[in-house]
Amino acid sequence: MELIDSHAHIQGKEFAGEADALIARAGEAGVEKIIAVGGAGDMSSNTEAVALAQSFPNVYATVGMHPHDAKDVGDDVLGAIRELTSHSKVIAVGETGLDYYYNHSPHDVQRRVFIQFIHMARETALPIVVHERDAAHDAVEMLRTEGGGKLRGVIHCFTGTYEAAREYLDLGFYLSFTGIITFKNAEPLREVVRKVPLQRMFVETDSPYLTPVPHRGKRNEPAYVRFVADMVAKIKTVSLEEVARTTTCNVRELFRF
Ligand SMILES: [Zn+2]
Ligand SMILES: [Zn+2]
(Lines give C-alpha, C1' and ligand atoms only; values in the text may rest on other atoms or scores of the structure.)
(Ligands and ions follow the chains in the order given, each with its own letter.)
Protein backbone atom coordinates (compact mmCIF):
# COMPACT_ATOMS: atom_id res chain seq x y z
CA MET A 1 0.00 0.00 0.00
CA GLU A 2 1.27 3.43 -0.94
CA LEU A 3 -0.07 6.54 0.74
CA ILE A 4 1.07 10.15 0.40
CA ASP A 5 0.73 12.67 3.20
CA SER A 6 -0.08 15.59 0.90
CA HIS A 7 0.24 18.32 3.56
CA ALA A 8 2.45 18.25 6.64
CA HIS A 9 4.45 20.86 8.52
CA ILE A 10 7.28 18.49 9.45
CA GLN A 11 9.84 21.30 9.45
CA GLY A 12 8.23 22.83 12.55
CA LYS A 13 9.94 23.10 15.92
CA GLU A 14 7.59 20.37 17.19
CA PHE A 15 9.70 17.90 15.20
CA ALA A 16 13.15 19.44 15.68
CA GLY A 17 15.86 16.79 15.46
CA GLU A 18 13.32 14.04 14.74
CA ALA A 19 13.11 14.11 10.95
CA ASP A 20 14.83 10.73 10.47
CA ALA A 21 12.59 8.90 12.95
CA LEU A 22 9.47 10.67 11.73
CA ILE A 23 10.07 9.79 8.08
CA ALA A 24 11.02 6.21 8.98
CA ARG A 25 7.77 5.74 10.93
CA ALA A 26 5.82 7.12 7.98
CA GLY A 27 7.54 4.64 5.67
CA GLU A 28 6.62 1.74 7.99
CA ALA A 29 2.99 2.91 7.87
CA GLY A 30 2.96 2.79 4.05
CA VAL A 31 3.45 6.52 3.53
CA GLU A 32 5.78 6.67 0.55
CA LYS A 33 5.93 10.45 0.15
CA ILE A 34 5.47 13.50 2.36
CA ILE A 35 4.81 17.02 1.15
CA ALA A 36 6.49 19.45 3.57
CA VAL A 37 4.35 22.56 3.34
CA GLY A 38 6.05 25.88 3.94
CA GLY A 39 4.60 29.24 4.87
CA ALA A 40 3.42 28.52 8.40
CA GLY A 41 4.81 31.38 10.46
CA ASP A 42 7.75 32.96 8.72
CA MET A 43 10.26 32.54 5.93
CA SER A 44 12.24 29.90 7.85
CA SER A 45 9.33 27.47 7.41
CA ASN A 46 9.93 27.70 3.65
CA THR A 47 13.70 27.37 3.71
CA GLU A 48 13.48 24.49 6.20
CA ALA A 49 10.86 22.67 4.11
CA VAL A 50 13.16 22.95 1.10
CA ALA A 51 16.13 21.77 3.18
CA LEU A 52 14.20 18.65 4.25
CA ALA A 53 13.19 17.96 0.66
CA GLN A 54 16.82 18.23 -0.31
CA SER A 55 17.92 15.78 2.40
CA PHE A 56 15.23 13.12 1.98
CA PRO A 57 14.38 11.59 -1.42
CA ASN A 58 10.72 10.98 -0.49
CA VAL A 59 10.06 14.50 0.86
CA TYR A 60 8.92 17.34 -1.41
CA ALA A 61 8.32 20.97 -0.51
CA THR A 62 5.90 23.80 -1.19
CA VAL A 63 6.65 27.49 -0.58
CA GLY A 64 4.29 30.31 0.25
CA MET A 65 2.84 32.17 3.23
CA HIS A 66 -0.21 31.32 5.32
CA PRO A 67 -3.10 33.83 5.17
CA HIS A 68 -2.62 34.33 8.93
CA ASP A 69 0.76 35.91 8.12
CA ALA A 70 -0.29 37.83 5.00
CA LYS A 71 0.28 41.10 6.86
CA ASP A 72 4.03 40.33 6.92
CA VAL A 73 4.32 39.63 3.18
CA GLY A 74 6.12 42.44 1.39
CA ASP A 75 8.07 42.44 -1.86
CA ASP A 76 11.18 41.09 -0.12
CA VAL A 77 9.35 38.01 1.18
CA LEU A 78 7.62 37.46 -2.16
CA GLY A 79 10.96 37.71 -3.95
CA ALA A 80 12.58 35.19 -1.62
CA ILE A 81 9.69 32.74 -2.08
CA ARG A 82 9.75 33.20 -5.83
CA GLU A 83 13.44 32.33 -5.83
CA LEU A 84 12.77 29.08 -3.92
CA THR A 85 10.22 27.97 -6.54
CA SER A 86 13.07 27.20 -8.93
CA HIS A 87 14.37 24.43 -6.65
CA SER A 88 13.80 21.04 -8.30
CA LYS A 89 11.95 19.61 -5.28
CA VAL A 90 9.59 22.54 -4.82
CA ILE A 91 6.39 21.21 -6.37
CA ALA A 92 3.80 23.91 -5.56
CA VAL A 93 3.14 27.46 -4.39
CA GLY A 94 1.50 27.58 -0.93
CA GLU A 95 0.16 27.41 1.47
CA THR A 96 -1.72 30.57 0.70
CA GLY A 97 -5.37 31.56 0.71
CA LEU A 98 -7.98 33.20 2.89
CA ASP A 99 -8.92 32.64 6.53
CA TYR A 100 -11.91 34.71 7.64
CA TYR A 101 -12.37 32.62 10.77
CA TYR A 102 -9.29 33.65 12.75
CA ASN A 103 -8.72 36.99 10.97
CA HIS A 104 -5.05 37.20 11.97
CA SER A 105 -4.52 39.47 8.94
CA PRO A 106 -7.05 42.01 7.56
CA HIS A 107 -9.20 40.60 4.74
CA ASP A 108 -8.01 43.11 2.13
CA VAL A 109 -4.39 42.22 2.93
CA GLN A 110 -5.18 38.49 2.71
CA ARG A 111 -6.81 39.04 -0.68
CA ARG A 112 -3.88 41.08 -2.04
CA VAL A 113 -1.33 38.45 -1.01
CA PHE A 114 -3.49 35.57 -2.25
CA ILE A 115 -3.67 37.24 -5.67
CA GLN A 116 0.11 37.67 -5.67
CA PHE A 117 0.57 33.95 -4.99
CA ILE A 118 -2.00 33.01 -7.64
CA HIS A 119 0.02 35.05 -10.12
CA MET A 120 3.26 33.44 -8.92
CA ALA A 121 1.76 29.98 -9.48
CA ARG A 122 0.74 30.95 -13.01
CA GLU A 123 4.11 32.49 -13.86
CA THR A 124 6.03 29.48 -12.55
CA ALA A 125 3.49 26.96 -13.94
CA LEU A 126 3.25 25.34 -10.51
CA PRO A 127 0.05 24.16 -8.84
CA ILE A 128 -1.23 26.04 -5.80
CA VAL A 129 -1.97 24.78 -2.25
CA VAL A 130 -4.93 26.75 -0.89
CA HIS A 131 -6.01 27.22 2.72
CA GLU A 132 -9.58 28.52 2.94
CA ARG A 133 -11.74 28.90 5.99
CA ASP A 134 -15.11 30.70 6.01
CA ALA A 135 -14.06 32.42 2.78
CA ALA A 136 -15.24 30.09 0.00
CA HIS A 137 -17.11 32.79 -1.91
CA ASP A 138 -14.07 35.08 -2.22
CA ALA A 139 -11.62 32.21 -2.79
CA VAL A 140 -13.64 30.69 -5.64
CA GLU A 141 -14.07 34.11 -7.23
CA MET A 142 -10.35 34.91 -7.03
CA LEU A 143 -9.17 31.51 -8.25
CA ARG A 144 -11.53 31.89 -11.20
CA THR A 145 -10.74 35.47 -12.19
CA GLU A 146 -7.04 35.64 -11.27
CA GLY A 147 -6.28 32.02 -12.24
CA GLY A 148 -7.09 32.73 -15.86
CA GLY A 149 -8.46 29.22 -16.45
CA LYS A 150 -4.99 27.68 -16.29
CA LEU A 151 -4.43 27.44 -12.56
CA ARG A 152 -4.50 23.99 -10.94
CA GLY A 153 -4.30 23.07 -7.28
CA VAL A 154 -5.76 21.66 -4.12
CA ILE A 155 -7.98 23.07 -1.40
CA HIS A 156 -6.30 21.62 1.66
CA CYS A 157 -8.07 20.68 4.90
CA PHE A 158 -11.43 21.08 3.25
CA THR A 159 -14.16 21.71 5.87
CA GLY A 160 -16.76 23.56 3.79
CA THR A 161 -20.17 22.70 2.42
CA TYR A 162 -20.89 20.43 -0.54
CA GLU A 163 -21.93 23.51 -2.52
CA ALA A 164 -18.47 25.03 -2.02
CA ALA A 165 -16.86 21.66 -2.80
CA ARG A 166 -18.80 21.59 -6.08
CA GLU A 167 -17.49 25.04 -7.06
CA TYR A 168 -13.87 24.02 -6.45
CA LEU A 169 -14.37 20.74 -8.33
CA ASP A 170 -15.85 22.67 -11.26
CA LEU A 171 -12.70 24.83 -11.30
CA GLY A 172 -10.69 21.60 -11.66
CA PHE A 173 -9.28 21.65 -8.14
CA TYR A 174 -8.71 18.67 -5.87
CA LEU A 175 -10.04 18.62 -2.30
CA SER A 176 -7.88 17.35 0.56
CA PHE A 177 -9.22 15.97 3.83
CA THR A 178 -7.58 15.74 7.26
CA GLY A 179 -8.16 13.91 10.54
CA ILE A 180 -11.15 16.18 11.14
CA ILE A 181 -13.23 13.61 9.23
CA THR A 182 -12.57 11.14 12.06
CA PHE A 183 -13.93 13.48 14.75
CA LYS A 184 -17.19 12.54 16.40
CA ASN A 185 -19.00 15.80 15.55
CA ALA A 186 -17.93 15.83 11.88
CA GLU A 187 -20.95 14.06 10.39
CA PRO A 188 -21.73 16.99 7.98
CA LEU A 189 -18.15 16.83 6.64
CA ARG A 190 -18.35 13.03 6.29
CA GLU A 191 -21.47 13.64 4.18
CA VAL A 192 -19.33 15.87 1.91
CA VAL A 193 -16.66 13.13 1.68
CA ARG A 194 -19.41 10.69 0.67
CA LYS A 195 -20.37 12.90 -2.28
CA VAL A 196 -16.95 14.05 -3.53
CA PRO A 197 -15.55 11.56 -6.08
CA LEU A 198 -12.51 9.65 -4.78
CA GLN A 199 -10.80 10.57 -8.08
CA ARG A 200 -10.74 14.20 -6.89
CA MET A 201 -9.56 13.65 -3.31
CA PHE A 202 -6.28 13.85 -1.41
CA VAL A 203 -5.60 12.80 2.17
CA GLU A 204 -3.28 14.72 4.49
CA THR A 205 -2.38 15.09 8.16
CA ASP A 206 -1.62 18.84 8.42
CA SER A 207 0.86 17.68 11.09
CA PRO A 208 1.43 18.58 13.87
CA TYR A 209 -2.25 19.67 14.04
CA LEU A 210 -5.60 17.89 13.61
CA THR A 211 -4.56 14.47 14.89
CA PRO A 212 -7.04 11.81 13.78
CA VAL A 213 -8.86 9.42 16.10
CA PRO A 214 -7.57 7.21 17.77
CA HIS A 215 -4.60 9.50 18.54
CA ARG A 216 -6.61 12.69 18.93
CA GLY A 217 -5.13 14.98 21.57
CA LYS A 218 -1.55 13.91 20.78
CA ARG A 219 0.87 15.42 18.28
CA ASN A 220 0.03 14.50 14.70
CA GLU A 221 2.59 13.02 12.29
CA PRO A 222 2.64 11.77 8.67
CA ALA A 223 2.30 8.07 9.64
CA TYR A 224 -1.22 8.86 10.85
CA VAL A 225 -2.48 9.78 7.37
CA ARG A 226 -3.46 6.13 7.28
CA PHE A 227 -6.29 6.82 9.76
CA VAL A 228 -7.64 9.56 7.49
CA ALA A 229 -7.53 7.21 4.49
CA ASP A 230 -9.18 4.50 6.58
CA MET A 231 -12.09 6.82 7.42
CA VAL A 232 -12.49 7.75 3.75
CA ALA A 233 -12.64 4.00 2.97
CA LYS A 234 -15.33 3.47 5.62
CA ILE A 235 -17.40 6.44 4.42
CA LYS A 236 -17.21 5.37 0.79
CA THR A 237 -17.42 1.62 1.55
CA VAL A 238 -14.33 0.82 -0.49
CA SER A 239 -11.06 -0.80 0.61
CA LEU A 240 -8.22 1.12 2.26
CA GLU A 241 -6.04 -0.10 -0.64
CA GLU A 242 -8.34 1.56 -3.15
CA VAL A 243 -8.29 4.85 -1.23
CA ALA A 244 -4.49 4.69 -1.03
CA ARG A 245 -4.07 3.83 -4.70
CA THR A 246 -6.47 6.50 -5.98
CA THR A 247 -5.43 9.37 -3.71
CA THR A 248 -1.75 8.65 -4.38
CA CYS A 249 -2.46 8.68 -8.10
CA ASN A 250 -4.29 12.03 -7.71
CA VAL A 251 -1.40 13.64 -5.80
CA ARG A 252 1.10 12.39 -8.41
CA GLU A 253 -1.07 13.77 -11.19
CA LEU A 254 -1.25 17.27 -9.70
CA PHE A 255 2.34 17.58 -8.48
CA ARG A 256 3.88 15.65 -11.42
CA PHE A 257 6.29 13.40 -9.50
ZN1 LIG B 1 -3.88 25.43 6.26
ZN1 LIG C 1 -1.08 23.64 6.72
Side-chain angles (χ1 to χ4, degrees), residues 3-73 77 80-81 84 87 89-97 99 101-102 104-105 129-133 154 156-159 176-183 186 202-231 251:
L3 282 159
I4 296 179
D5 184 356
S6 69
H7 191 114
H9 301 282
I10 54 170
Q11 73 278 37
K13 56 183 179 313
E14 296 85 354
F15 299 118
E18 283 187 61
D20 287 284
L22 192 73
I23 291 163
R25 280 200 297 277
E28 283 158 24
V31 181
E32 57 136 348
K33 284 185 175 52
I34 300 168
I35 316 292
V37 173
D42 60 20
M43 201 53 208
S44 67
S45 74
N46 288 314
T47 51
E48 284 164 20
V50 174
L52 279 176
Q54 204 161 304
S55 309
F56 295 91
N58 53 345
V59 175
Y60 293 77
T62 76
V63 291
M65 198 56 76
H66 198 284
H68 288 347
D69 306 301
K71 58 184 181 306
D72 303 322
V73 178
V77 171
I81 291 171
L84 287 174
H87 191 284
K89 289 195 80 184
V90 170
I91 44 94
V93 170
E95 64 184 290
T96 175
D99 193 312
Y101 180 79
Y102 285 108
H104 291 332
S105 287
V129 176
V130 177
H131 169 111
E132 178 266 297
R133 191 152 178 209
V154 58
H156 107 91
C157 188
F158 186 79
T159 54
S176 183
F177 294 89
T178 63
I180 292 177
I181 67 167
T182 69
F183 296 175
F202 289 10
V203 286
E204 63 169 289
T205 58
D206 207 11
S207 299
Y209 318 108
L210 306 176
T211 313
V213 173
H215 298 293
R216 196 175 178 185
K218 298 194 200 107
R219 183 185 72 178
N220 202 0
E221 63 172 75
Y224 296 167
V225 76
R226 186 193 186 100
F227 298 105
V228 182
D230 205 33
M231 181 52 80
V251 177

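Numbering of residues begins at 1 and proceeds along the displayed sequence. For clarity, every value in this text was computed on a predicted model and none was experimentally measured.
- Atom CZ of Phe15 sits about 10.0 Å away from atom NE2 of His9, to the nearest 0.5 Å.
- With hydrogens and angles disregarded, no donor-acceptor distance shorter than 3.5 Å links the side chain of Lys89 to the backbone of Ser55.
- For NZ of Lys13, the number of neighbouring non-hydrogen atoms (other residues, nucleotides, ligands) closer than 6.0 Å is 12 at most.
- Relative orientation of the Tyr102 and His68 rings is perpendicular, given thresholds of 30° and 60° on the angle between their planes.
- In this structure, the side chain of Arg226 engages the main chain of Ala29 through a donor-acceptor pair within 3.5 Å.
- Of the residues listed (His156, His7, Glu204), the one engaging Ser176 in a side-chain hydrogen bond (donor to acceptor under 3.5 Å, both in side chains) is Glu204, and it is the only one.
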Run the numbers on Asp5 and Thr205 for side-chain hydrogen bond (donor to acceptor under 3.5 Å, both in side chains), then give the verdict.
CA-CA 6 Å; Asp5 184 356; Thr205 58; 2.5 Å; yes
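- Distance check, rounded to the nearest 0.5 Å: CD of Glu48 to CG of Asp42 gives 8.0 Å.
- Taken to the nearest 0.5 Å, the CZ atom of Arg216 stands 9.0 Å off from the CG atom of Leu210.
- Side-chain N or O atoms of Asn46 include none that pairs as donor or acceptor with a backbone N or O of Ile81 at under 3.5 Å.
- The existence of a salt bridge linking Glu221 and Arg25 is confirmed by a sub-4.0 Å separation between a basic side-chain nitrogen and an acidic carboxylate oxygen.
- Remark: the backbone N or O of Gly38 is not paired with any side-chain donor or acceptor of Ser45 at under 3.5 angstrom.
- The two residues Val213 and Phe227 make their nearest non-hydrogen contact at O-CB, 3.8 Å.
- In this structure a side-chain-to-backbone donor-acceptor pair under 3.5 Å is missing from Thr62 to Ala92.
- Judged purely by atom type and a 3.5 angstrom limit, Asn220 uses its side chain to pair as donor or acceptor with the backbone of Tyr209.
- Once rounded to the nearest 0.5 Å, the distance linking CG of Leu22 with OG of Ser207 reads 7.0 Å.
- Thr96 places no side-chain N or O within 3.5 Å of a backbone atom of Gly64 that could act as its donor or acceptor partner.
- Rounded to the nearest 0.5 Å, atoms CE (Met43) and CG (Asp69) are 12.5 Å apart.
- Here OH of Tyr224 is found 15.5 Å from OG1 of Thr178. Values are rounded to the nearest 0.5 Å.
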Pair Cys157-His131, side chain to side chain contact (heavy atoms under 4.5 Å, CB included): steps then yes or no
CA-CA 7 Å; Cys157 188; His131 169 111; 5.9 Å; no
